Amino acid sequence: MKKIVVIGTGRMGGAFATAFAKRTSHTVSIRGSHAGSSSAAALSHQLGVRVADDKDLLAADVVFVATPPAALDDVAAALKGYAGIIVSAMVPGAGGYELKRDDGSSAAEQLARLIPKGRLVTAFTSISSALIRDPASGEKPTVFTCADDKAARSTVIALAKEIGFEGVDAGHLDASRNIENLGLLVGQLAYGSGFGNRVSLRAFVAS
């Protein structure tokens, strides 16, 4: 059993907290971008999970970051010195949220530089919050996963499987630029092409 903290109380953060609290035996707690978040308190009451304090955050096995990319500095400050697995589900450009530093690197790469001891993993960028809350009953969508730490990739792939998805190892963290962009494609399919918010992507070898 792992200690999981979800940073972010919007649709994606709420979906992660719901999925892990209701469909696994892991210990789940939540936190807003800032300590003392009123939205974290409300979500905690709704889901019956704890609000993570600073001690909980640094003791977590896995931290899911489901905040707007502009909150990178706040997230990094909260996770200063953290050496566990950090899962970045951020998609720069989605919903008009951009990175503060547009240097060609991904949100995950920027977060990795800000938290050098953390084991950064990019995952779930092409999975909607609707699917995380209520996974598909048929074919499983693919969670594209990348990290420089192979063991961290394997851990996140296993967590994805627990909540109803198929994880794919997409290699090192530099692949995160492409994986984050898949979120923009899914958003276009969902809202620009009329597929709706349960559209997803699946990797398979065609025969």
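Keep in mind that what you see is a predicted model, and the values were worked out from it rather than measured.
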Notebook entry, point to check: Taking only residues two or more places apart in sequence or in another chain, which ones pass side-chain contact (heavy atoms from CB on, under 4.5 Å) with Val186?
Noted result: Ser126, Val199, Leu201

Check: Do Phe144 and Val65 belong to the same hydrophobic cluster, where Ile, Leu, Val, Met, Phe, Trp and Tyr are linked whenever their side-chain heavy atoms lie under 4.5 Å apart, directly or via other members?
Finding: no

Check: Quick one: CZ on Arg153 to CZ on Arg119, what's the gap to the nearest 0.5 Å?
Finding: 11.5 Å

Notebook entry, point to check: With sequence neighbours left out, what residues match Asn178 under side-chain contact (heavy atoms from CB on, under 4.5 Å)?
Noted result: none

Next item on the list: Would you check if the side chain of Glu180 reaches a backbone N or O of Ala107 as a donor-acceptor pair within less than 3.5 Å?
Entry: yes

Item checked: Spacing of Asp148 atom CG and Asp174 atom CG [to the nearest 0.5 Å] -> 7.0 Å

Notebook entry, point to check: Should side-chain heavy atoms under 4.5 Å link Ile, Leu, Val, Met, Phe, Trp and Tyr, which residues sit in the same cluster as Phe204?
Noted result: none

Margin query: Please enumerate all residues that pass side chain to side chain donor-acceptor pair (under 3.5 Å) together with Thr18, with sequence neighbours excluded.
Written below: Arg133

Check: Would a hydrophobic clustering, with Ile, Leu, Val, Met, Phe, Trp and Tyr connected at side-chain separations under 4.5 Å, put Met90 with Ile179?
Finding: no

Check: Do Ser105 and Arg113 meet the criterion of a side-chain donor-acceptor pair at a distance under 3.5 Å?
Finding: yes

Please report, to 0.1 Å, the donor-acceptor pairs under 3.5 Å made by any side chain of residues 50-58, with sequence neighbours excluded.
from: Arg50; atom 1: NH1; to: Asp56; atom 2: OD1; distance (Å): 3.4
from: Arg50; atom 1: NH1; to: Asp56; atom 2: OD2; distance (Å): 2.8
from: Arg50; atom 1: NH2; to: Asp56; atom 2: OD2; distance (Å): 3.3
from: Asp53; atom 1: OD1; to: Lys55; atom 2: N; distance (Å): 3.1
from: Asp53; atom 1: OD1; to: Asp56; atom 2: N; distance (Å): 2.7
from: Asp54; atom 1: OD1; to: Arg31; atom 2: NH1; distance (Å): 2.9
from: Asp54; atom 1: OD1; to: Arg31; atom 2: NH2; distance (Å): 2.9
from: Asp56; atom 1: OD2; to: Asp53; atom 2: N; distance (Å): 3.1

Next item on the list: Compare all side-chain heavy atoms of Asp74 with those of Thr67 and state whether any distance is below 4.5 angstrom.
Entry: no

Note to self: Just to verify, what does Thr9 make a side chain to side chain donor-acceptor pair (under 3.5 Å) with, not counting sequence neighbours?
What the structure shows: Ser39

Item checked: Approximate separation, where rounding is to 0.5 Å, of Gln110 CD and Asp73 CG -> 9.0 Å

Check: Hey, any chance Leu185 and Tyr191 share a hydrophobic cluster, counting ILVMFWY side chains that come within less than 4.5 Å of each other, even indirectly?
Finding: no

Checklist line | Pairwise salt bridge (charged side-chain N to carboxylate O under 4.0 Å, His left out) hits with a residue in residues 11-20, at least two apart | finding: none

Notebook entry, point to check: Say you draw a straight line from CD1 of Ile157 to OG1 of Thr145; how long is it, rounded to the nearest 0.5 Å?
Noted result: 4.5 Å

Notebook entry, point to check: About how many Å separate CG of Leu120 and CG of Leu111, when rounded to the nearest 0.5 Å?
Noted result: 5.0 Å

Next item on the list: Could you list who else is in Ile4's hydrophobic cluster, with ILVMFWY side chains joined at under 4.5 Å, directly or through other members?
Entry: Val6, Met12, Phe16, Phe20, Val28, Ile30, Leu43, Leu47, Val49, Val62, Phe64, Ile85, Val87, Val121, Phe124, Ile127, Leu131, Ile132, Val143, Val156, Leu159, Ile163, Phe165

Item checked: Residues in side chain to side chain donor-acceptor pair (under 3.5 Å) contact with Thr122, at least two apart in sequence or another chain -> none

Check: Of the non-hydrogen atoms in Gly32 and Ile7, which two are nearest, and what is the gap between them?
Finding: O-CG2, 3.9 Å

Next item on the list: Could you tell me which non-hydrogen atom of Ala60 sits nearest to which non-hydrogen atom of Val5, and how far apart they are?
Entry: CB-CG2, 3.7 Å

Next item on the list: Could you tell me the separation between the NZ atom of Lys140 and the NZ atom of Lys161, rounded to the nearest 0.5 Å?
Entry: 6.5 Å

Check: Has the side chain of Thr142 got a donor or acceptor atom that lies under 3.5 Å from a matching backbone atom of Ala203?
Finding: yes

Note to self: Testing the basics here: between Cys146 and Ser176, what is the closest heavy-atom pair and its distance to 0.1 Å?
What the structure shows: SG-N, 3.4 Å

Checklist line | Ion pair check, Asp61 and Lys2, cut-off under 4.0 Å | finding: no

Checklist line | For Arg23, salt bridge (Lys or Arg N to Asp or Glu O under 4.0 Å) partners two or more places apart | finding: none

Next item on the list: Can you run down the salt bridge (charged side-chain N to carboxylate O under 4.0 Å, His left out) pairs that involve residues 197-207, sequence neighbours left out, and say none if there aren't any?
Entry: Asp134-Arg198, Glu139-Arg202

Item checked: Any donor-acceptor N/O pair, Ser44 side chain to Ala40 backbone, under 3.5 Å -> no

Margin query: According to salt bridge (charged side-chain N to carboxylate O under 4.0 Å, His left out), does anything in residues 122-131 pair up with another residue at least two apart or in another chain? List the pairs.
Written below: none

Check: Minimum heavy-atom separation for Gly13 to Ala66, with atom names?
Finding: N-CB, 3.7 Å

